[in-house]
Structure formats: structure tokens, C-alpha cells
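Input: a single structure, listed below in C-alpha cells.
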Amino acid sequence: MATYRILTFDGGGIRGVYTAVLLRRLSQQVPGFLDRAQLLAGTSTGGILALAIAKGLTADELVKLYQDNGKQIFARSLLREIGDLGDLIGAKYDNANLKQILRDKLGGGTLNDLLPRHVLVSSFDLDLPGKPRTWSPKFFHNFAGDDSDGAEKIVDVALRTSAAPTYFPVYQGYVDGGVVANNPSMPALAQALDRGTGKQELTDIRLFSVGTGVSPTFISGDSHNWGVAQWAHSLVDMMIEGMMGVADYECSRVLREKYFRLAPILPAPVAMDAVDKIPELIADANNVDLTSAASWLKANFA
């Protein structure tokens with residue numbers, strides 16, 4: 001069978017601009033590689049990137065998406081600040097601006113309208129119907145089959161995957177896919193191998209995974225007798241970044257040289273809503289050494 005190419009994009013809020021700049025630089029060194037991916041998978045801001053690329057946006061347009069709209073997406077009004085009691089009883093941001101921006105950029109179509117490009121976008125269903133009722137991970141895709149989500153609107157899927165808890169409201173019963181797969185590489189691989197949908201052979205798959213920059217975060221010391229109060233400030237980030245590392249470990253062991261992970265370490269931590277850091281993120285992404293990544297793409301996405 002022919003080579004089957006997969007591109008995956010991590011979550012990370014405004015740090016998606018970092019990913020977009022990396023993609024722009026790689027597109028200059030390996031022209032057309034974005035167009036050669038048969039499956040685009042993403043989580044949160046990475047889900048938006050995956051959908052946008054499948055829709056036909058260029059790498060330059062992806063960068064502008066964040067540059068031109070970041071402040072609108074993460075806009076905080078005094079009225080909302082007062083009403084939410086300083087984020088204690090409500091999401092930090094409204095998603096109205098994000099919804100309008102996504103409509104403008106992605107249009108009103110469905111996942112099926114993205115074909116022949118296949119997409120896989122992670123989210124988390126807070127109330128899965130059934131007996132018993134339960135919450136559950138959800139991976140929206142437009143492969144043919146009984147479980148296809150091809151009829152789902154592109155904008156709705158984009159909002160479901162990016163409804164980060166505490167940052168944005170729950171959207172249509174879903175929250176950010178980062179709670180289950182902030183690095184969606186392994187779910188993408190599983191979907192590609194599925195005999196009912198992807199129908200690929202492991203030997204034919206090439207997977208290129210792009211992060212939003214790894215935060216240089218650590219906890220010093222060898223012994224900590226901590227409780228809820230001490231762990232609360234770092235436990236969520238630890239679990240999300242830990243799951244990203246698990247996906248990287250699994251893919252690297254399963255695919256070996258047919259897998260490449262581009263996830264540079266940032267000079268300093270950057271919050272997912274730090275729109276004031278956009279210039280720094282762009283500058284940092286422009287300074288990343290892409291020699292190995294470009295070489296891998298030339299060998300595997302040509």
C-alpha cells in the first residue's frame with residue numbers, strides 16, 4: 001500500500017501561534033508537506049489548526065489567525081469580572097468572539113465537507129447517554145462508517161475541542177479534549193489502523209507530531225508531604241503534560257523511525273491565554289532549529 005501520512009497538533013491555547021510559525025517555516029523548507037497529509041488530528045487549539053488546514057488555510061493564514069484575533073478570543077470585560085466574582089463562579093472568558101472568528105475562518109460546513117482530507121478532533125463528553133450515564137472521551141472524525149461524525153458542523157467541533165475548563169464555558173455538553181489527549185498522536189494512529197475506518201497497515205504510516213512548546217516547569221526537592229492545597233496549583237498541568245509524554249513514548253516505540261515529534265522547550269512558561277506573549281512566541285518559534293524535522297519530512301512526506 002501507499003504511504004499514509006498523519007499530522008497531529010497539541011493543545012495549548014494562544015501557544016498555537018508557536019505551532020503555526022513552526023509550520024510556516026517548515027512549509028518554506030518542505031513545500032507542500034501540509035497538503036500531503038491524509039489525516040489531520042488535533043486537540044483544543046491544535047484541533048482548530050487541524051480543521052483549518054483541512055479547510056485549506058495556508059501556514060501564513062494560520063499565523064495571522066492568532067496574531068489578528070488573539071486579543072479578541074481572550075477578551076476579559078469588567079462586567080464579566082464582576083459577575084464571575086473574579087473567576088470563582090464562571091469561566092474566565094466568553095466564547096462568543098471565538099465562535100464568530102471560527103465561523104468567519106472555517107465557514108458553515110460540516111466535517112464531510114473537508115473530504116477527501118480526514119480529520120480527528122478530541123473532546124470530552126460530560127454526559128454520554130446510556131445506562132448508566134457517564135462522561136467519556138470523544139474523538140470526532142469524518143471517516144465513513146456507523147460512528148462517523150461527518151454531519152457535525154466544523155465550527156461546533158472546533159468549539160467543543162477548545163472549551164478549556166475555567167477558561168471557556170462548556171459547549172454543547174463538551175469540554176476541551178486536553179483533559180484526555182492533549183497530544184492526539186496515539187488516537188490518530190489508532191484511528192488510522194482501525195479496520196473499519198482508517199484501514200491502514202502499520203508499515204505504511206508516517207506520523208509527524210507538533211507541540212505548542214514545552215513549558216520549562218519543574219518541582220525541586222526529593223520529598224514533599226503535600227495535600228490538596230499544595231498540589232492544586234500544579235497537578236492539572238502535570239497530568240496534561242504527563243499524558244502528552246505518554247503518547248510520545250507509545251508512538252515512538254510503535255512507529256520507531258516512522259514517527260517524529262517536534263516539541264521544543266520554551267525559554268519560559270507561557271499561559272494558554274497570555275496574548276501579550278504572542279510576539280515572544282513568534283520570535284522563539286523562529287529561532288528553533290528545524291534541521292532534523294525538515295529532513296524527516298523530506299524523507300517521509302515527499
Side-chain angles (χ1 to χ4, degrees), residues 7-37 40-75 93 95 97-107 114 117 119 121 154-155 158-159 161-162 164 167 178 182-184 208-215 260-291 293-294 297 301:
L7 287 176
T8 70
F9 310 105
D10 290 7
I14 201 62
R15 280 159 41 192
V17 71
Y18 184 88
T19 304
V21 173
L22 294 177
L23 295 177
R24 180 170 66 183
R25 292 182 59 206
L26 286 169
S27 293
Q28 294 166 350
Q29 297 181 44
V30 192
F33 89 91
L34 289 176
D35 299 326
R36 298 187 192 106
L40 297 151
T43 293
S44 194
T45 197
I48 293 173
L49 287 171
L51 293 167
I53 294 170
K55 183 70 177 177
L57 271 69
T58 66
D60 282 332
E61 289 173 322
L62 297 178
V63 176
K64 283 183 62 62
L65 174 65
Y66 292 92
Q67 282 182 306
D68 296 346
N69 302 290
K71 290 183 178 179
Q72 291 176 262
I73 294 171
F74 294 103
Y93 306 103
N95 61 7
N97 289 346
L98 176 58
K99 188 172 187 177
Q100 186 56 55
I101 290 165
L102 291 173
R103 282 177 172 168
D104 292 342
K105 299 299 181 182
L106 303 180
L114 301 176
R117 308 296 292 276
V119 293
V121 179
I154 297 170
V155 170
L159 288 166
T161 190
S162 58
Y167 287 94
N182 207 51
N183 172 355
F208 188 76
S209 171
V210 189
T212 57
V214 177
S215 290
F260 192 98
R261 170 77 169 161
L262 178 60
I265 298 176
L266 297 170
V270 178
M272 67 173 289
D273 59 345
V275 292
D276 59 315
K277 299 292 185 180
I278 290 177
E280 293 178 31
L281 287 166
I282 292 174
D284 292 338
N286 277 323
N287 286 326
V288 173
D289 183 356
L290 296 178
T291 304
L297 286 170
F301 269 61

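All values derive from a computational prediction rather than experimental measurement.
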Legend entry - Donor on one side chain, acceptor on other, T58 and D60, under 3.5 Å: no
Legend entry - R25 vs V288, side-chain contact (heavy atoms from CB on, under 4.5 Å): CA-CA, chis, key distance, verdict: CA-CA 10 Å; R25 292 182 59 206; V288 173; 4.0 Å; yes
Indicate yes or no: at least one non-hydrogen side-chain atom of [X] is less than 4.5 angstrom from one of [Y].
X    : Y    : value
L102 : L51  : no
Y66  : L49  : yes
I14  : T45  : no
K99  : L159 : yes
T43  : T8   : no
I53  : V119 : no

Inset, instruction - Only counting residues at least two apart or in another chain, list the ones meeting side chain to side chain contact (heavy atoms under 4.5 Å, CB included) with A274. - result: V270, A271, D276, K277
Legend entry - Minimum-distance pair of heavy atoms, taken over all atoms of S162 and L98: OG-CD2, 3.8 Å
Legend entry - Sole residue of V21, I278, T19 in side-chain contact (heavy atoms from CB on, under 4.5 Å) with V63: V21
Inset, instruction - Specify whether F260 and F208 have parallel, tilted or perpendicular ring planes, treating 30° as the upper limit for parallel and 60° as the lower limit for perpendicular. - result: parallel
Inset, instruction - Quick one: sort the Y167 and Y93 rings into parallel, tilted or perpendicular, breaks at 30° and 60°. - result: parallel
Inset, instruction - Take I48 and F9 through the test side-chain contact (heavy atoms from CB on, under 4.5 Å) and record every step on the way to the result. - result: CA-CA 9 Å; I48 293 173; F9 310 105; over 6 Å; no
Inset, instruction - Give, for atom CG of L34 and atom CG of L40, the distance between the pair rounded to the nearest 0.5 Å. - result: 8.0 Å
Inset, instruction - Determine, step by step, whether R261 and D10 satisfy the side-chain contact (heavy atoms from CB on, under 4.5 Å) criterion, reporting the C-alpha distance in whole Å, the side-chain angles of both residues, the deciding distance to 0.1 Å, and the verdict. - result: CA-CA 11 Å; R261 170 77 169 161; D10 290 7; 2.6 Å; yes
